Protein chains: 2
Amino acid sequence: MASANPNKQQRSHSRLKAVLDAGAMLFATRGYKATTMRDIASQAGMQPGSLYYHFASKQELLQAIYEIAVEQAQSRLDEAIRSGKNPQAKFEEAIVCHTETMLDQDNYARVMTGVLPGDAPEIEAELTTLRDGYEDSFRRLIRALKLPSKVDRKMLRLFVLGAINATRTWYAPGGKTPRQIGLQIVEILKQPL
Amino acid sequence: MASANPNKQQRSHSRLKAVLDAGAMLFATRGYKATTMRDIASQAGMQPGSLYYHFASKQELLQAIYEIAVEQAQSRLDEAIRSGKNPQAKFEEAIVCHTETMLDQDNYARVMTGVLPGDAPEIEAELTTLRDGYEDSFRRLIRALKLPSKVDRKMLRLFVLGAINATRTWYAPGGKTPRQIGLQIVEILKQPL
DNA sequence: CTAATAACCTAACGTTTGTTTGTCTAAGAT
DNA sequence: ATCTTAGACAAACAAACGTTAGGTTATTAG
């Protein structure tokens, strides 16, 4: 009969993962437009044309990486939320977790903030949908929070995520750890100015 | 004698401003790499080659725009700071002002957050210096603030600026006004979570 | 009026880009 | 042992890119 293997990988020494890793690292640090297919191929140790065996276009490669990125971030976030005893603690754990995820060099998640809207117009809707799913976790966390009436929940979410996502522009290994940075933003939110 | 005019513009109908406006608008919304010289020329109503009468390269055009951007933002910020009665009020005024500046479509300032580091490697140092000058105002404001001992001043600055700069990714005219958004971030900082 | 030149235009240059094409090779199935 | 094909390679393609060169026009100084 035909192949009894319903899964994908049929060959052992495929360099699909190398391509994804290279693309994720380059998209995350340089952005989408500034990263060329030749850059990715070179980083993955292969020829530019070979990338098109795995993906039909640059945009499809981005989409595949983006999906993994959201998936990785989501599972880490779910675990962090579980560890919080109450809504307040859950929110704080989520903040620290998201910060660590965004500053982790070996994680794909930085691609989410490294790609500008409008960079890949034809798949922008899909990327936005993926990202919205992730941010929904924060929506739920904040909804369950007891807050002063003056605080707009939507604004709180956008400000916190914005502040965390911006850390990637100034973060440098060797200084404060991602965890310390995450804890500091929690501290600033808790202390009245 | 030679020209008794020490200033720049010698011809009345130069379209330098149109070039700067077009470049600022496109760099701000699409980013540096995604904006082509042909895009800018088209937006300014002229030919691509004509841009090189005013600027020797794309990077020089960016630098000129960036300088104006920081200048505009700086003067607006100085005025806002002056209007604050005490350190706390000055800081709050600065937050609202910076938010309004970043969301103003007719201002060059959005270029500061629209250009990724590494987009223009040869002038990156100059751009960073310009931007650091602007952020120094916030450094001084926060230094004069009375804060809980647990709050790291550097982190407070980076988080607040990060949150405000991120507003440009989700802001849409028709909803909350830039001023309302700025006031909300002040409110969130003042209310203990 | 004439000469100079500021401010453009037209047309192209060489390079880089995403992508396509055809060929080769080694591994798994029969 | 043979056949098939996953997975790569080398080489090129057309389009788009930043940029350059030379020509044109209209203003202005003398």
Side-chain angles (χ1 to χ4, degrees), chain A residues 1-23 26-27 30-65 115-116 118-124, chain B residues 1-23 26-27 30-65 115-116 118-124:
Chain A
M1 281 295 164
S3 71
N5 184 0
N7 285 347
K8 350 221 152 164
Q9 56 174 31
Q10 308 205 352
R11 250 353 128 80
S12 51
H13 57 306
S14 166
R15 287 192 274 178
L16 212 199
K17 181 169 159 41
V19 172
L20 292 169
D21 283 350
L26 289 167
F27 285 152
R30 299 186 196 174
Y32 180 73
K33 285 276 180 183
T35 300
T36 73
M37 293 300 266
R38 283 170 176 81
D39 289 338
I40 297 171
S42 170
Q43 178 81 18
M46 53 198 292
Q47 295 295 107
S50 304
L51 299 175
Y52 288 82
Y53 174 77
H54 298 285
F55 302 97
S57 69
K58 189 185 180 185
Q59 296 206 8
E60 275 195 20
L61 172 56
L62 171 64
Q63 187 168 358
I65 290 171
V115 174
L116 303 181
D119 271 351
E122 298 169 17
I123 58 168
E124 192 174 340
Chain B
M1 280 294 167
S3 72
N5 184 2
N7 285 347
K8 348 215 154 169
Q9 58 176 31
Q10 308 205 351
R11 245 2 123 81
S12 51
H13 57 304
S14 165
R15 299 201 323 240
L16 212 198
K17 181 169 160 41
V19 172
L20 293 169
D21 283 350
L26 288 167
F27 284 152
R30 300 187 195 173
Y32 180 75
K33 285 274 180 183
T35 300
T36 72
M37 293 300 266
R38 285 171 175 80
D39 290 338
I40 298 172
S42 171
Q43 177 83 16
M46 53 199 293
Q47 295 297 109
S50 305
L51 298 175
Y52 289 83
Y53 174 77
H54 298 285
F55 301 98
S57 70
K58 190 184 180 186
Q59 296 207 6
E60 276 195 21
L61 171 57
L62 171 64
Q63 187 168 356
I65 291 171
V115 174
L116 304 180
D119 271 351
E122 298 170 16
I123 58 168
E124 193 173 342

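Please read all numbers here as calculations on a predicted model, not as lab measurements. Each chain gets a letter, A, B and so on, in the order its sequence line appears, and its residues count up from 1. Below, all heavy atoms of this structure are taken into account, side chains as well, without hydrogens, waters or symmetry copies.
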So which protein N/O to nucleotides 19-21 of chain D N/O distances come out below 3.5 Å?
residue, atom, partner, partner atom, Å
D/dT19, OP2, B/Y52, OH, 2.8
D/dT19, OP2, B/K58, N, 2.8
D/dT19, O5', B/Y52, OH, 3.3

Query raised in the report: Can you name the residues that form a ring-ring contact (aromatic ring centres under 6.0 Å, His included) with A/Y32, not counting sequence neighbours?
Result: A/F27
**Report entry** Residues that A/R15 engages under salt bridge (charged side-chain N to carboxylate O under 4.0 Å, His left out), provided they are two or more places apart
**Finding:** none
Query raised in the report: Got a sec, which residues hit salt bridge (charged side-chain N to carboxylate O under 4.0 Å, His left out) with B/D21, two or more places apart in sequence or on another chain?
Result: B/K17
[atom1] of [X] versus [atom2] of [N]: gap in Å, rounded?
X: B/L16; N: C/dA7; atom1: CG; atom2: P; answer: 8 Å
X: B/R15; N: C/dC8; atom1: CZ; atom2: P; answer: 5 Å
X: A/F27; N: C/dG18; atom1: CZ; atom2: C1'; answer: 12 Å
X: A/L61; N: C/dG18; atom1: CG; atom2: P; answer: 11 Å
X: B/H54; N: C/dT5; atom1: NE2; atom2: C1'; answer: 14 Å
X: B/F55; N: D/dG18; atom1: CZ; atom2: P; answer: 15 Å
X: B/L51; N: D/dG18; atom1: CG; atom2: P; answer: 10 Å

Requested in this report: Sort and list the pairs that fulfil side-chain hydrogen bond (donor to acceptor under 3.5 Å, both in side chains) and have at least one residue in residues 47-59 of chain A, not counting sequence neighbours.
Outcome: none
Side-chain donor-acceptor pairs under 3.5 Å in residues 36-46 of chain B, sequence neighbours left out?
residue, atom, partner, partner atom, Å
B/T36, OG1, B/R38, N, 3.4
B/T36, OG1, B/D39, N, 2.9
B/T36, OG1, B/D39, OD1, 3.4
B/T36, OG1, B/D39, OD2, 3.2
B/D39, OD2, B/R30, NH1, 3.1
B/D39, OD2, B/T36, N, 3.2

**Report entry** B/A64 to B/L20 - nearest heavy-atom pair and separation
**Finding:** CB-CD2, 4.4 Å
Query raised in the report: Within the pair B/Y53 and C/dA7, is there a side-chain N or O less than 4.0 Å away from OP1 or OP2?
Result: yes
Query - B/Q47 side-chain N/O to C/dC8 phosphate OP1/OP2 under 4.0 Å - result: no
Report summary line: So CG of A/L62 and CD1 of A/I123: to nearest 0.5 Å the spacing works out to 4.5 Å
**Report entry** Among D/dC9, D/dC17, C/dC8, the one nearest B/S14 by side-chain distance
**Finding:** C/dC8
Query raised in the report: The side chain of B/T36 lies closest to which of these nucleotides: D/dA8, D/dC17, C/dT17?
Result: D/dC17
